[in-house]
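Order of appearance sets the numbers: ligands from 1, and atoms from 1 within every ligand. On a predicted model such as this, the values are computed, not experimentally measured, just so you know. Atom set for the values below is all heavy atoms of this structure, side chains included, hydrogens, waters and symmetry mates excluded.
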Amino acid sequence: RKLEVVTIDGPSGVGKSTVSRLLASRLGYTYLDTGAMYRAVALACKRAGVDVRDEEPVARLLDTLDIQLLPPDEEDGDVRVLINGEELGLELRSPETGMLASTVSALRPVRDRLTRMQQEIGRQGKVVAEGRDTGTVVFPDAAWKFFLDASPEERARRRIGQLRARGVEVDEKEILEQIIQRDRDDRERPIAPLKPAPDAVVIDSSTMDAGKVVETMLAHIRRSV
Ligand code: C5P
């Protein structure tokens, strides 16, 4: 029997968060932002002065971290993360933290710990999980899997809009370069690389708004319940 979980994977800036939140609220499911967990670990490393490339010190630090996910904020819809009881602020969402998260997420101990946490959260079902490996590694038994894609230019344009809406100053060229770099790292890493699960429905969102993508997903879900 399949797990009542929807997985939404794809590269950065493709609109996964918006779509996942909308879909979760349409289905009455819990929204699971797995990227926020990798970002939180990256920030914890930065604050502790631990190099995100260095497996052993990262693993040691990880053992001292109590990581908690709070439900999305009513106002901005962002998931909150607590590390050892302290709520991480806006820095969690910065492009720099995203780059650090991408580096630290390549380490085995980090992936093992966060994957287990995510599986625990999804065990009862009724979850919409978004990330890079939620359909391939975290929830291979998920009933519905989607892979969202769009051109790097379109994704950079959206990410810039999101950051500006949060009041963050952005350098457009830098954002595009970061997107291309982070995707390459995520796709090429040996453990849990970014790729569609064999049974995922691939949706190109380049010319669709979030509402249209959600409708497309709901149609697939309804067809296969
Ligand atoms: O989705 P978000 O931009 O918040 O993710 C930050 C980084 O965390 C990604 O670039 C990716 O390297 C990593 N990540 C991951 N597996 C996931 C979710 C995020 O490796 N399931």
Side-chain angles (χ1 to χ4, degrees), residues 5-21 31-46 52-53 55 58 62 67 69 72 76-81 88-122 127-140 142 145-150 152 155-156 158-163 166 168 170 175-197 200 205:
V5 165
V6 182
T7 63
I8 303 182
D9 293 306
S12 49
V14 77
K16 292 189 300 293
S17 304
T18 311
V19 165
S20 306
R21 281 172 208 180
Y31 163 51
L32 173 58
D33 178 2
T34 63
M37 299 164 78
Y38 288 97
R39 286 170 179 267
V41 170
L43 262 191
C45 290
K46 185 179 163 191
V52 287
R53 290 166 300 188
E55 180 158 324
V58 169
L62 200 59
I67 306 164
L69 274 190
D76 57 21
D78 280 344
V79 167
R80 297 288 190 259
V81 190
L88 303 174
L90 263 186
E91 202 186 353
L92 191 69
R93 302 292 164 184
S94 76
E96 193 208 341
T97 303
M99 297 297 283
L100 290 176
S102 179
T103 306
V104 87
S105 74
L107 302 180
R108 171 67 75 190
V110 176
R111 297 216 74 83
D112 285 351
R113 163 102 185 256
L114 297 187
T115 299
R116 274 199 307 277
M117 270 186 78
Q118 292 154 16
Q119 289 170 335
E120 188 58 34
I121 295 170
V127 161
V128 174
E130 70 145 299
R132 303 294 185 288
D133 64 339
T134 63
T136 51
V137 175
V138 186
F139 300 115
K145 298 180 183 180
F146 298 98
F147 190 91
L148 272 187
D149 217 344
R155 290 186 282 122
R158 291 178 187 173
R159 185 45 60 92
I160 290 161
Q162 265 176 6
L163 290 168
R166 287 203 183 100
V168 182
V170 290
I175 297 282
L176 177 60
E177 280 166 7
Q178 281 177 351
I179 280 194
I180 292 171
Q181 168 79 44
R182 187 137 69 97
D183 287 355
R184 189 182 316 120
D185 292 346
D186 287 348
R187 284 180 209 267
E188 290 177 358
R189 69 182 173 213
I191 316 172
L194 169 66
K195 65 171 177 207
S205 74

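- Rounding to the nearest 0.5 Å places CD of Q118 at 4.5 Å from CE of M37.
- The single protein non-hydrogen atom nearest to atom 1 (O) of ligand 1 is R132 NH1, 2.9 Å, given as residue, atom name and distance.
- For ligand 1, none of its N or O atoms has an N or O atom of S12 under 3.5 Å away.
- Proximity annotation for atom 7 (C) of ligand 1: of E130, R182, R39, R182 comes nearest, heavy atoms only.
- Residue contacts with ligand 1: Q118 is excluded, as none of its non-hydrogen atoms falls under 4.0 Å.
- Side-chain atoms of R111 never come within 3.5 Å of backbone atoms of A106 as a donor-acceptor pair (strictly under, hydrogens ignored).
- Separating the NZ atom in K145 from the OG1 atom in T136 is a distance of 7.5 Å, to the nearest 0.5 Å.
- Judged by distance alone, the side chain of R158 and the main-chain N or O of V14 form a donor-acceptor pair under 3.5 Å.
- Remark: the backbone N or O of F147 is not paired with any side-chain donor or acceptor of K16 at under 3.5 angstrom.
- If you look at R159 next to ligand 1, there are no close heavy atoms at all, none under 4.0 Å.
- Of the protein's non-hydrogen atoms, the one nearest atom 13 (C) of ligand 1 is S105 OG, 3.7 Å.
- Rounding to the nearest 0.5 Å gives a distance of 9.5 Å between CG of L148 and CD of E130.
- The single protein non-hydrogen atom nearest to atom 16 (N) of ligand 1 is R111 NH2, 3.0 Å, given as residue, atom name and distance.
- Those atoms of ligand 1 with a heavy atom of D186 less than 4.0 angstrom away are 9 (C), 10 (O), 11 (C), 12 (O).
- Scanning all protein heavy atoms for the shortest distance to atom 18 (C) of ligand 1 gives T34 OG1, 3.3 Å.
- Considering each of G35, P11, S17, the one bringing a non-hydrogen atom nearest atom 19 (C) of ligand 1 is G35.
- Donor-acceptor pairing under 3.5 Å is recorded for the side chains of Q162 and R159.
- Closest protein heavy atom to atom 8 (O) of ligand 1: Y38 CB, 3.6 Å.
- Side-chain atoms of R39 come within 3.5 Å of backbone atoms of S94 as a donor-acceptor pair (strictly under, hydrogens ignored).
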